[in-house]
Amino acid sequence: AMVDNLSQNRRGKYKWADDQINVRSDLKWQFTSEWDTAEGIYNEGYGPKLLDVTHKRKIIFFKTGVGESKPFALVIDRFISADGQEHVFQPSYQMDVHPYTVAGCAFTADMGDGVTMNIIGSEDAEIIIGQYEPLYMGWRSRKGADSEEFEHNKAPCVRYSVSGVSARCAQVLYPSNDGVVEIEAVKLCRPLNVQIL
């Protein structure tokens, strides 16, 4: 995720003399027969000026689906600004080169052979392909067939944006092997209730 079009900048505060390899991760997780969860925090600054925003991400994988749905993942992002100013928070997903469609908050990539990857957000989706400025986005690296060099192919980056001093947004990642899935609406509300209609 980015903040105000600025990327994470962990190196800005990193002290090379420190033995960071022994610092314990703040990752939390829980596994059950019906779902898995994992959550973590990034709070080391964004952009060259190390904009002080905390990003908390929780991922819930519903192994048996919900209701009649297939298994899917729910990604919940929470952003909190320390400076009290309003910012634009932008979680994004770099996809591979496949035909795709976008309808409001829903993105569907056709992977072939009846397989689709669907991303449905709490905000409308923005697609970025082959962009150099203001950020290098919408590119997918692939190894060249006859060399060790990497070639960069234009590929869709799906981005969602939400504004505020603090904000929450969510996306459902819904793979399917039933061909194109018609997802009319997704309700993401508190307490957590996910319904795919």
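By convention here, the first residue in the shown sequence is residue 1. Just so you know, these numbers come straight off a predicted model, no measurement behind them.
- Less than 6.0 angstrom separates the ring centroid of Y132 from the ring centroid of W139.
- When the side chain to side chain contact (heavy atoms under 4.5 Å, CB included) test is applied to Q131, the partners found at least two apart in sequence or on another chain are I128, P134, L135, M137.
- Under the rule for a salt bridge (charged side-chain N to carboxylate O under 4.0 Å, His left out), K154 has no partner lying at least two apart in sequence or in another chain.
- Following chains of ILVMFWY side-chain contacts shorter than 4.5 Å, one cannot reach M2 starting from Y160, and the two form parts of different hydrophobic clusters.
- Judged as a salt bridge (charged side-chain N to carboxylate O under 4.0 Å, His left out), and not counting sequence neighbours, the contacts of K63 are D36.
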Give every donor-acceptor pair under 3.5 Å between a side-chain atom in residues 46-54 and any protein atom, sequence neighbours left out.
none

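- Within 6.0 Å of the CG atom in D83, the count of heavy atoms belonging to other residues, nucleotides or ligands exceeds 12.
- A distance of 13.0 Å separates NZ of K56 from CD1 of I76, quoted to the nearest 0.5 Å.
- Under the 6.0 Å cut-off for aromatic ring centres, H55 and Y42 do not qualify, their centroids lying 6.0 Å or more apart.
- Not counting sequence neighbours, the partners of E126 by the salt bridge (charged side-chain N to carboxylate O under 4.0 Å, His left out) test are R159.
- Contacts of Y100 classified as ring-ring contact (aromatic ring centres under 6.0 Å, His included), with partners at least two apart in sequence or in another chain: F107.
- A distance of 9.0 Å separates OG1 of T108 from CD1 of I119, quoted to the nearest 0.5 Å.
- Of the possible polar contacts, one joining the Q90 side chain to the N5 backbone as a donor-acceptor pair under 3.5 Å is found.
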